[in-house]
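A short write-up of the structure that comes next.
FYI, side chains are in, hydrogens and waters are out, and symmetry mates aren't considered; it's all heavy atoms of this structure. Note on naming: letters A, B, ... go to the chains in the order of the sequence lines (proteins, then strands), and numbering restarts at 1 for each one.
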There are 4 protein chains.
Amino acid sequence: MAGNAFGSIFKLTTFGESHGTAIGGVIDGCPAGVSIDFEAIQLEMDRRKPGQSAIVTQRKEPDTVQFLSGIFEGITTGTPIGFVIQNANQKSNDYSHIKDVFRPSHADYTYTEKYGQRDYRGGGRSSARETACRVVAGAIAKQFLKTIEINAYTSSVGEIALNKSYKELNLANAETNDVRCPDSEVAAQMISKIKAIRKEGDTIGGVISCVIKNVPVGLGEPVFDRLHAQLGKAMLSINAVKGFQYGSGFEGTQLKGSQHNDAFNADGSTKTNLSGGIQGGISNGMDIYFDVAFKPVATIMQAQDTIDKDGNVVEMHGKGRHDPCVVPRAVPIVEAMAALVIADFMLLNRLSKA
Amino acid sequence: MAGNAFGSIFKLTTFGESHGTAIGGVIDGCPAGVSIDFEAIQLEMDRRKPGQSAIVTQRKEPDTVQFLSGIFEGITTGTPIGFVIQNANQKSNDYSHIKDVFRPSHADYTYTEKYGQRDYRGGGRSSARETACRVVAGAIAKQFLKTIEINAYTSSVGEIALNKSYKELNLANAETNDVRCPDSEVAAQMISKIKAIRKEGDTIGGVISCVIKNVPVGLGEPVFDRLHAQLGKAMLSINAVKGFQYGSGFEGTQLKGSQHNDAFNADGSTKTNLSGGIQGGISNGMDIYFDVAFKPVATIMQAQDTIDKDGNVVEMHGKGRHDPCVVPRAVPIVEAMAALVIADFMLLNRLSKA
Amino acid sequence: MAGNAFGSIFKLTTFGESHGTAIGGVIDGCPAGVSIDFEAIQLEMDRRKPGQSAIVTQRKEPDTVQFLSGIFEGITTGTPIGFVIQNANQKSNDYSHIKDVFRPSHADYTYTEKYGQRDYRGGGRSSARETACRVVAGAIAKQFLKTIEINAYTSSVGEIALNKSYKELNLANAETNDVRCPDSEVAAQMISKIKAIRKEGDTIGGVISCVIKNVPVGLGEPVFDRLHAQLGKAMLSINAVKGFQYGSGFEGTQLKGSQHNDAFNADGSTKTNLSGGIQGGISNGMDIYFDVAFKPVATIMQAQDTIDKDGNVVEMHGKGRHDPCVVPRAVPIVEAMAALVIADFMLLNRLSKA
Amino acid sequence: MAGNAFGSIFKLTTFGESHGTAIGGVIDGCPAGVSIDFEAIQLEMDRRKPGQSAIVTQRKEPDTVQFLSGIFEGITTGTPIGFVIQNANQKSNDYSHIKDVFRPSHADYTYTEKYGQRDYRGGGRSSARETACRVVAGAIAKQFLKTIEINAYTSSVGEIALNKSYKELNLANAETNDVRCPDSEVAAQMISKIKAIRKEGDTIGGVISCVIKNVPVGLGEPVFDRLHAQLGKAMLSINAVKGFQYGSGFEGTQLKGSQHNDAFNADGSTKTNLSGGIQGGISNGMDIYFDVAFKPVATIMQAQDTIDKDGNVVEMHGKGRHDPCVVPRAVPIVEAMAALVIADFMLLNRLSKA
């Protein structure tokens with residue numbers, strides 16, 4: 001209800017503020033018998049963590065996850081998996097200058113109004129730090145899913161766009177550069193762009209694309225819990241996301257039915273895939289692919305006028321170490337959320353037949 | 001779990017197939033004491049119903065809703081509101097020609113694979129007929145919400161786009177033409193386009209935009225149940241939807257933080273509203289606005305090759321009376337789903353403070 | 001949330017008041033492929049319906065269920081099963097004498113206070129008429145469960161108690177007499193007791209026992225959703241229920257561990273079964289058995305002092321046709337709720353292993 | 001779904017095994033603005049902890065709770081409250097003798113069958129150690145509830161029963177003796193009984209009674225989530241519980257309606273309270289009272305025959321430090337679960353009127 005849980009069967013509940021003692025979560029509903037590769041989990045964490053490259057925030061957070069339960073001798077037992085990640089970087093004084101100030105396009109104002117309380121230490125619960133817990137859970141979901149491949153990558157930074165279908169790309173290349181774009185030429189332009197933006201003390205948005213392969217037919221629960229509706233919710237729940245489209249997306253609205261329909265092959269696969277692997281809200285066995293739009297980070301290193309809690313206009317100056325572009329670090333988060341959705345529907349689909 | 005319910009507090013559960021006896025639903029969690037205007041409900045139904053104008057399907061369904069419980073002497077009692085809508089048009093023989101055939105880009109194949117059963121009478125549960133129940137529930141949600149205004153309208157049909165901000169438009173005009181576009185000139189073009197497409201035996205997609213005004217600050221539950229995440233899920237759960245964006249959306253990814261940030265006025269309102277009325281997943285009191293992308297209807301009046309359940313290639317010919325463009329009739333559905341989301345969060349927000 | 005739904009996977013949502021147009025419900029999550037025996041459903045309805053024998057209320061309600069969706073050619077399709085039962089007997093004038101009066105030990109007062117609305121037509125939503133919907137859903141659950149046998153019977157009426165273990169009884173005999181007690185001698189005493197009580201214009205309580213056989217090992221979800229916790233909730237949600245015990249129950253509290261422990265046989269079955277077929281909240285394959293306590297019906301045919309909505313003392317006289325003892329008609333309700341619980345856990349248990 | 005969460009709005013999710021690194025939980029949905037008294041929480045923990053007196057297990061567990069989030073400067077912020085309790089006593093070798101053995105009337109067998117995995121370290125997840133997390137959450141719920149008083153006490157140990165109504169007792173006395181019985185004479189007998197039982201290497205069951213005062217009218221959600229149904233589920237979810245009754249309970253089944261009905265006073269209160277403070281599943285403002293039956297602890301210090309995982313008969317000898325009677329330590333657990341139920345319904349009841 002209160003919004004800190006995701007999933008119906010494979011269910012993640014998270015807790016923690018950016019500057020509290022620790023963040024963490026509970027995964028309830030992970031089936032027993034999944035062999036856990038702890039290194040693989042840490043690898044996913046490293047893809048998200050601050051300070052990993054020259055184009056992301058230079059904060060240092062080791063982001064080491066400690067598992068407290070639910071895994072015995074390296075195998076899940078069917079009981080809830082509790083985990084914590086200590087906050088290395090919880091010096092609250094970094095934030096004293098914004099204690100009574102509402103930062104523009106942040107959640108300071110809305111949280112304060114909603115709860116009548118202000119946790120002024122950084123973003124508190126609204127900080128994207130919380131997404132580290134999603135990556136932990138997503139990594140475990142991936143290990144449950146095994147043969148299902150989930151690959152996200154940066155497809156645009158500002159106006160620099162990849163403009164290629166995922167089929168023309170070697171997605172494995174995404175991890176070979178700091179911006180996580182599988183085309184090395186475009187990646188270089190994106191990296192330059194981000195560096196330039198940072199020099200201005202500014203930030204920039206971007207788009208992440210994601211492809212899911214080897215999904216069995218039958219995932220998704222009509223009518224409200226369509227596979228793409230739940231994927232959309234998952235992505236829109238990530239900090240800074242402003243849009244989601246799958247398959248033909250917004251461009252597909254300009255097509256005619258005769259152009260858009262995916263004709264069948266004899267085996268039930270389709271000749272084209274404008275449907276994006278989903279028909280009637282249920283996976284049809286073709287690749288699922290979608291795009292996620294991220295706005296520019298709100299914290300900029302320029303002076304801005306804003307208000308304090310009494311409505312006084314105050315000038316604020318960005319401080320601290322922030323991402324000039326959220327997209328490179330959000331790639332593993334997109335994958336994690338996709339993994340959670342797919343794992344949940346894999347389990348739900350065991351219930352469709354008597 | 002099985003996907004036929006929406007909402008956490010103000011909760012709608014629907015049932016029914018396009019060619020079964022009836023469709024209907026239960027609204028559980030509508031608070032007691034809401035005065036019900038039955039005519040207003042029927043008016044919403046009429047905006048969605050087939051046969052309402054020259055550019056929609058010419059099927060005849062009166063779509064009269066009968067309430068069975070939960071309302072006594074015109075006022076909700078706090079008990080569940082059960083309702084049914086009879087299916088006037090349930091002649092199954094219309095569909096005998098597709099009994100064993102999987103129509104391209106329909107849900108026939110995925111439902112059959114998922115459930116191991118085939119209800120071949122039209123779309124069965126996957127038919128958009130089910131959305132009539134959403135309109136009933138949305139109409140009641142609107143009456144609970146009272147002063148919150150929810151207005152959707154057609155903003156593009158194929159390539160014909162409105163290209164105006166909602167602020168430049170008189171949204172009330174949307175109901176003055178068949179395509180529900182508030183700009184009468186563009187509306188005329190859209191209508192011509194749809195007529196031309198229908199003449200080709202083809203279909204076309206489009207975009208619906210929606211604006212919600214007078215939303216109080218504080219709606220939305222971080223972190224997973226952000227207001228826009230739940231709006232996105234709601235919209236993506238509507239038949240034929242391929243994308244969702246709110247506020248600055250996909251275009252906003254090209255902006256810099258210094259351009260995108262919404263500066264505060266002294267009263268907490270903002271000078272610009274690229275945030276789309278939502279910050280950190282919580283409404284900030286500004287207008288909420290978003291776009292929903294609809295693909296072209298899959299049923300076309302042209303011959304198509306497809307397969308039957310045994311994998312044989314068969315030629316199929318569109319039959320029956322279908323919408324050349326789903327967008328005009330989907331406008332009230334978008335509003336209904338938005339109303340359900342807002343009603344749910346209004347109630348949830350009563351729980352945020354001790 | 002609002003309490004009109006039961007179950008997590010195999011989920012029943014009900015609606016309807018005793019004197020509204022109809023009652024009904026939606027079963028969401030019944031797997032596809034269950035063959036439905038409609039006569040068997042009606043038979044269960046007949047076991048619950050008013051007027052079935054000399055010792056129950058003489059109201060006439062045919063209680064015919066109409067299915068609206070989810071079943072096609074006699075087989076469940078995996079889509080939600082909507083159903084309605086018309087209220088034959090909805091003459092509101094029967095209740096005009098209690099319009100402003102709060103009947104003692106009824107829900108009139110609490111509903112009015114909670115909702116600020118009064119549906120004075122009989123019990124409204126609080127009437128046990130609602131349980132007819134549970135019997136419909138339970139009957140379908142039984143058909144899904146197939147080989148699992150669920151048998152409830154009357155084990156006491158007032159002070160007349162059966163005082164035998166279910167193992168000494170032929171449970172099939174319960175349906176051979178009006179009070180549904182499998183021991184014909186005790187049944188005769190119970191029937192006399194009920195007739196005598198009715199003559200006094202009074203009512204009497206009783207206990208129903210229930211046995212579930214052939215339950216596989218593994219049903220129940222620790223730690224909060226233990227099998228017996230959910231069974232207990234199911235039973236306590238039935239009108240007039242005041243207590244629940246399973247296995248050794250309240251008497252078992254007087255035993256020592258050395259007496260109470262169930263020693264294993266080599267095959268994992270146990271020599272005794274004080275555990276009542278459940279260990280650690282999970283079924284162990286032995287018979288599950290439990291007792292449910294029902295208070296005497298609150299509506300009596302004697303004059304009682306009570307208050308009206310303004311707090312004035314008024315004398316009220318019982319009117320209408322009510323049950324002198326709820327137990328005989330509650331037997332199928334206990335079975336139905338047990339079936340819903342077991343069906344739900346059968347499905348949930350598909351999710352325990354990777 | 002997987003059973004490790006309780007509550008719908010004020011929701012506790014727990015994790016942890018008796019011999020893992022730590023146990024803990026997340027409270028999601030605690031409203032913002034509750035002042036937290038940390039000492040009061042620890043006091044509740046101390047009432048449950050091992051080694052607190054001569055008649056409970058002599059294991060040493062400090063049971064210190066560490067809060068990780070959700071509380072800032074001593075006040076809840078509306079964000080999830082994460083907490084952990086380290087397991088001081090996690091030496092797995094204590095349990096090597098039962099690694100392959102299924103202890104009688106424990107959950108070893110059922111967990112192994114359900115999950116296909118065996119966590120042989122003590123009870124693992126099925127251990128009552130998990131209830132420490134419930135006490136943490138219950139303590140916070142109590143602080144949210146403020147003026148609502150929840151008092152549980154031991155009302156029988158084996159055959160030694162209190163046999164007095166709670167109205168004849170000073171409930172505050174319960175905390176003045178080790179067995180938590182408010183009548184000091186009966187308490188002395190209970191303590192002697194437990195000591196004698198322990199000397200035999202045996203265990204004994206008992207009953208806990210609980211009274212909740214100052215509950216407002218209106219708590220409980222018909223029809224399935226009746227207040228007493230949820231209380232019953234809460235209690236039945238506690239380890240070793242075999243039965244639940246409220247108000248007149250099982251004895252009330254022997255009464256006539258004319259004896260059982262609670263006549264109203266002019267202010268809506270009732271002259272008697274056989275209803276136990278609940279009518280139609282909704283609190284009526286009178287005291288709520290109920291009984292909870294606990295079986296004897298299954299671990300006894302006597303030799304027992306049992307089986308190992310291969311079905312071989314083996315003799316096992318109780319080892320370690322266990323409770324001869326669970327009841328004294330379960331008193332705060334009963335209160336905690338009651339507090340969670342009442343807190344949840346307090347919040348839900350904010351939603352009943354428009």
Cut-off 4.5 Å, heavy atoms of chain A, and the answer for B/V297 is backbone
Whatever's closer than 4.5 Å to a heavy atom in chain B on A/S283 counts as backbone
If one checks every heavy atom of B/L231 against chain A at 4.5 Å, the contacting part turns out to be neither
So, the part of A/A5 with a heavy atom under 4.5 Å from chain B: the answer is backbone
Of the listed A/V223, A/I307, A/T112, the one with the largest count of heavy-atom pairs under 4.5 Å with chain B is A/V223
Ranked by heavy-atom pairs below 4.5 Å to chain A, first place among B/A263, B/A229, B/G218, B/G280 goes to B/A229
Nearest heavy-atom contact between A/F244 and B/F250 is N-CE1, 3.6 Å
Notebook entry, point to check: Is the closest basic N to carboxylate O distance between B/E251 and A/K295 below 4.0 Å?
Noted result: no
From the list A/M235, A/Q259, A/E200, the residue making the most non-hydrogen contacts under 4.5 Å with chain B is A/E200
Spell out, as yes or no, whether a donor-acceptor pair under 3.5 Å connects the side chain of A/K242 to the backbone of B/S275. yes
Note: vs chain B, highest number of non-hydrogen pairs under 4.5 angstrom among A/A354, A/P324, A/G281, A/A298 is A/A298
Check the pair B/R134, A/F224 against side chain to side chain contact (heavy atoms under 4.5 Å, CB included), reporting the backbone distance first and the verdict last. CA-CA 10 Å; B/R134 307 184 185 207; A/F224 293 107; 3.3 Å; yes
Under 4.5 Å to a heavy atom of chain B? For A/M337 that would be side chain
When the 4.5 angstrom heavy-atom criterion is applied to A/V241 and chain B, the contacting part is backbone
Residues A/K353 and B/G116: closest non-hydrogen pair is CE-N, 3.7 Å
Minimal heavy-atom distance between B/D267 and A/Y109, with the atoms involved, is O-OH, 3.9 Å
Chain A shares the most heavy-atom pairs under 4.5 Å, among B/G232, B/S8, B/G252, B/G206, with B/G206
Turns out that what part of A/F294 lies under 4.5 Å from chain B's heavy atoms comes down to backbone
Return yes if some donor-acceptor pair links the side-chain N/O of B/T203 with the main-chain N/O of A/G257 below 3.5 Å, else return no.
yes
Under 4.5 Å to a heavy atom of chain A? For B/D291 that would be both
Bottom line for B/E113: the part with an atom under 4.5 Å from chain A's heavy atoms is both
Spell out, as yes or no, whether a donor-acceptor pair under 3.5 Å connects the side chain of A/S352 to the backbone of B/K114.
yes
Applying a strict 4.5 Å limit to non-hydrogen atoms, the region of B/A161 in contact with chain A is neither
Exam field: side chain B/H228 to backbone A/L236, donor-acceptor pair closer than 3.5 Å: yes
When the 4.5 angstrom heavy-atom criterion is applied to A/Q117 and chain B, the contacting part is neither
Do the side chain of B/N284 and the main chain of A/T110 share a donor and acceptor less than 3.5 angstrom apart?
no
Cut-off 4.5 Å, heavy atoms of chain B, and the answer for A/I204 is both
Counting heavy-atom pairs under 4.5 angstrom with chain A, the leader among B/A2, B/G3, B/G205 is B/G3
TODO: Please confirm whether the backbone N or O of B/D262 pairs with a side-chain atom of A/S105, one donor and one acceptor, at under 3.5 Å?
DONE: yes
Most contact-rich option vs chain B, by heavy-atom pairs under 4.5 angstrom, among A/L219, A/V313, A/L255, is A/L255
Comparing B/G249, B/G247, B/S126, B/G285 against chain A, the one with the most heavy-atom pairs below 4.5 Å turns out to be B/G249
Applying a strict 4.5 Å limit to non-hydrogen atoms, the region of B/L348 in contact with chain A is side chain
Open item on the list: Please check this pair: side chain of B/D202 against backbone of A/K256, looking for a donor-acceptor N/O pair closer than 3.5 Å.
Closed with: no
| field | Test side chain to side chain contact (heavy atoms under 4.5 Å, CB included) applied to A/R226 and B/I238, step by step | value | CA-CA 9 Å; A/R226 284 168 151 88; B/I238 301 172; over 6 Å; no
Residue from A/N261, A/L274, A/D225 scoring the most non-hydrogen pairs under 4.5 Å with chain B is A/N261
Assert top hit (heavy-atom pairs under 4.5 Å, partner chain A, pool B/V207, B/D305, B/T253) equals B/T253
If you tally heavy-atom pairs under 4.5 Å between each of A/Y246, A/F102, A/Y111, A/Y115 and chain B, the highest tally belongs to A/Y246
Taken to the nearest 0.5 Å, the spacing of B/S258 OG from A/Q302 CD works out to 5.0 Å
Residue from B/P222, B/A266, B/G243, B/C325 scoring the most non-hydrogen pairs under 4.5 Å with chain A is B/P222
Inset, instruction - Applying side chain to side chain contact (heavy atoms under 4.5 Å, CB included), run through A/K233 and B/Q230 and close with a yes or a no. - result: CA-CA 6 Å; A/K233 177 176 174 177; B/Q230 199 63 16; 3.0 Å; yes
